[in-house]
Amino acid sequence: MRLSRYFLPVLKENPAEAQIVSHRYMLRAGMIKQQAAGIYSWLPLGFKVLKRIEQIVHEEQIRAGHIPLLMPTLQPADLWRESGRYDDYGQEMLRIKDRHERDMLFGPTNEEMITDIFRAHVNSYKELPLTLYHIQWKFRDEVRPRFGVMRGREFLMKDGYNFDLTKEDALHAYNRHMVSYLRTYERMGLTAIPMRAASGPIGGDNTHEFLVLASTGESEVFYDAKVPELKLGDRAVDYDNRAEVAAICEEFTTLYARTDETHDEAAFNAIPEERRKVGRGIEVGQIFYFGTKYSESMGATVVTAEGNRVPVEMGSHGIGVSRLLGALIEANHDDKGIIWPEGVTPFHCGIVNLKQGDAGTDAACEGLYKALVAAGLDPLYDDRDERAGAKFATMDLIGLPWRITVGPKGLGKGVVELTSRRTGESVEMSAEDAVARIVEIYAAHR
RNA sequence: CGGAGCGUAGCGCAGCCUGGUAGCGCACCUGCUUCGGGAGCAGGGGGUCGGAGGUUCGAAUCCUCUCGCUCCGACCA
């Protein structure tokens with residue numbers, strides 16, 4: 001993309017309403033625009049990152065054997081009356097009447113609807129196990145939306161639901177989700193720690209939340225210093241291998257890591273003192289096993305091999321997709337702006353032309369741009385007629401991890417400059433080598 | 001839902017107390033100069049002061065109501 005033709009409305013000054021760094025930078029970098037309390041338009045740059053995150057979530061869900069579908073944002077109230085949650089959910093649920101005075105609601109989650117789909121089409125144990133998920137906009141009419149996309153009323157969430165014959169099968173689905181989530185967050189360059197959590201209104205007796213450590217997090221967390229060091233890495237995982245998946249879960253959940261809701265002072269104090277950490281975390285996902293809570297109330301049953309009709313075992317699992325943008329920025333920024341991890345960056349690298357209009361630098365930049373595109377990459381070429389300082393400031397703000405700087409001095413020596421946004425280090429090299437280096441960097445992020 | 005604030009140009013703000021021609025910075029447009037870390041000079045455009053009532057000769061300013069937004073707390077992916 002050539003910046004002169006893009007839509008990137010950056011702000012020089014901090015908008016008054018933004019209190020935390022991720023919200024400020026998302027507004028300043030022209031990623032979002034608030035339309036009402038907790039409701040945002042996603043401008044091109046923000047939309048691009050949102051789509052990249054969504055893509056990673058999809059890929060990892062499919063890798064774990066889960067099946068995508070799409071359910072609507074608006075739901076009929078009757079489904080929720082069946083489960084009893086229409087009355088339980090309270091003011092957070094946005095209730096709407098259609099022209100025929102039918103009670104509708106903007107879905108805050110989809111347990112009822114997925115159960116309805118299941119019971120309409122699945123009758124035999126032979127069709128299990130089954131895990132369906134979607135990535136769809138949710139609405140929860142929060143009393144007090146805040147922190148930009150971190151606590152919006154409208155938000156994009158991946159929510160998945162597993163249907164199994166036995167509790168043992170359902171617990172495997174639970175474990176499978178835990179591992180796939182670990183992998184999902186790692187691909188985005190985030191360390192998200194699974195912590196035993198208290199079950200909320202969704203219900204269930206087995207649940208973990210995934211928290212990204214950040215000083216602006218809304219939850220207080222207590223953990224062993226060794227926990228954030230655990231990495232899944234690029235080990236191959238067979239998601240159908242129960243023992244292997246369970247072993248990974250054990251690896252990641254044995255050491256102490258709890259939110260304030262489930263904190264156990266005695267267990268925490270059993271950790272060597274120098275490893276006891278207290279901090280704050282942003283919740284970016286949660287997994288639940290809840291058994292037959294919905295299948296019983298809504299009649300989602302299958303016939304077993306013995307010919308008995310039994311309610312299915314279920315769980316639900318969510319990742320806050322839009323919230324992840326906030327969490328990513330909270331975890332990756334400096335005083336100049338965002339620093340995107342390679343896995344989610346909106347553009348792979350920036351090209352800064354220091355002397356727009358100069359035949360030599362223009363031609364060199366065009367050559368670089370075309371070479372990068374030909375290599376399958378997505379560069380952002382700042383071809384505006386701006387001064388160097390303004391171009392650098394924009395690049396730093398929007399946080400592209402790599403920048404190629406092209407100026408007359410360097411070209412005189414036959415070099416361009418490759419700069420890391422994260423370390424600030426610059427290396428001079430030929431344009432060809434710079435392209436090769438960028439290609440190499442992103443080859444590791446496929 | 002309790003408590004506290006704020007709505008004046010696209011953004012950030014002053015003006016309000018003490019009523020009297022609506023201002024500043026950034027951004028935007030034109031010209032000239034400049035050009036490796038958010039340039040300088042000159043000129044220019046843009047606002048029914050959130051909305052509705054009221055007081056007054058006169059309201060951004062005072063009064064009443066209302067809508068919107070933000071922050072602290074309780075609640076939540």
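The figures that follow rest on heavy atoms only: side chains count, while hydrogens, waters and symmetry mates do not. Naming: A, B, ... by sequence-line order, numbering from 1 per chain.
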Let me know the distance between [atom1] of [X] and [atom2] of [N], rounded to the nearest Å.
X: Gln35(A); N: rG68(B); atom1: CD; atom2: P; result: 16 Å
X: Asn14(A); N: rA27(B); atom1: CG; atom2: P; result: 16 Å
X: Glu142(A); N: rA74(B); atom1: CD; atom2: P; result: 14 Å
X: Phe7(A); N: rG10(B); atom1: CZ; atom2: C1'; result: 11 Å
X: His23(A); N: rC11(B); atom1: NE2; atom2: P; result: 13 Å
X: Asp260(A); N: rG73(B); atom1: CG; atom2: P; result: 13 Å
X: Leu27(A); N: rA27(B); atom1: CG; atom2: C1'; result: 16 Å
X: Leu43(A); N: rG10(B); atom1: CG; atom2: C1'; result: 13 Å

Looking across every strand, which nucleic acid part, if any, lies under 4.0 Å from [X] by heavy atom: base, sugar-phosphate, or nothing?
X: Asp159(A); result: nothing
X: Ala18(A); result: nothing
X: Gln91(A); result: nothing
X: Met395(A); result: nothing
X: Gly152(A); result: base

Where do Lys293(A) and Glu111(A) land on the salt bridge (Lys or Arg N to Asp or Glu O under 4.0 Å) test, with the steps shown first?
CA-CA 10 Å; Lys293(A) 176 179 162 85; Glu111(A) 279 84 2; over 6 Å; no
Looking only at atom [atom1], what distance separates [N] and [M], rounded to whole Å?
N: rU8(B); M: rG47(B); atom1: P; value: 15 Å
N: rG25(B); M: rA9(B); atom1: C1'; value: 13 Å
N: rG40(B); M: rG58(B); atom1: P; value: 46 Å
N: rG36(B); M: rC32(B); atom1: C1'; value: 23 Å
N: rG68(B); M: rG31(B); atom1: P; value: 45 Å
N: rU18(B); M: rA59(B); atom1: C1'; value: 14 Å
N: rA27(B); M: rC11(B); atom1: P; value: 15 Å
N: rG23(B); M: rC67(B); atom1: P; value: 33 Å

Name the pairing partner of [N], where a pair is Watson-Crick or G-U wobble with both distances under 3.5 Å, or state none.
N: rU48(B); value: none
N: rG12(B); value: rC24(B)
N: rC32(B); value: rG40(B)
N: rU18(B); value: none
N: rC62(B); value: rG54(B)
N: rG7(B); value: rC67(B)
N: rG2(B); value: rC72(B)

Only one of Ile441(A), Leu400(A), Leu372(A), Asp378(A) clears side-chain contact (heavy atoms from CB on, under 4.5 Å) with His348(A); which?
Asp378(A)
Check the pair Tyr181(A) / Phe252(A) against ring-ring contact (aromatic ring centres under 6.0 Å, His included), numbers first and verdict last.
CA-CA 12 Å; Tyr181(A) 279 23; Phe252(A) 278 83; over 10 Å; no
The single option from Thr361(A), Asp385(A), Asp383(A) passing side-chain hydrogen bond (donor to acceptor under 3.5 Å, both in side chains) against Asn353(A):
Thr361(A)
Any salt bridge between [X] and [Y], counting N to O under 4.0 Å?
X: Arg183(A); Y: Glu186(A); answer: no
X: Lys97(A); Y: Asp103(A); answer: yes
X: Asp88(A); Y: Arg85(A); answer: no

The answer to which of Gln34(A) and Met157(A) contacts RNA chain B further toward the 5' end, by nearest nucleotide, is Gln34(A)
RNA chain B: Pro145(A) or Met150(A), which has the more 5' nearest nucleotide?
Pro145(A)
With a cut-off of under 6.0 Å to the ring centre and 45° to the axis, is Arg95(A) in cation-pi contact with Tyr86(A)?
yes
For nucleotides 33-41 of chain B, 5' to 3', base contacts (B), sugar-phosphate-only contacts (S) and non-contacts (-) with protein non-hydrogen atoms under 4.0 Å give -BSBBBB--
Residues passing the salt bridge (Lys or Arg N to Asp or Glu O under 4.0 Å) test with Lys370(A), sequence neighbours excluded, are Glu366(A)
Which nucleotide wins on minimum distance to the side chain of Glu13(A), given the candidates rU70(B), rC1(B), rG25(B)?
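Closest nucleotide to the Glu13(A) side chain: rG25(B).
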Tell me if a side-chain donor or acceptor on Asp334(A) pairs with a main-chain N or O of Gly337(A) at a distance below 3.5 Å.
yes
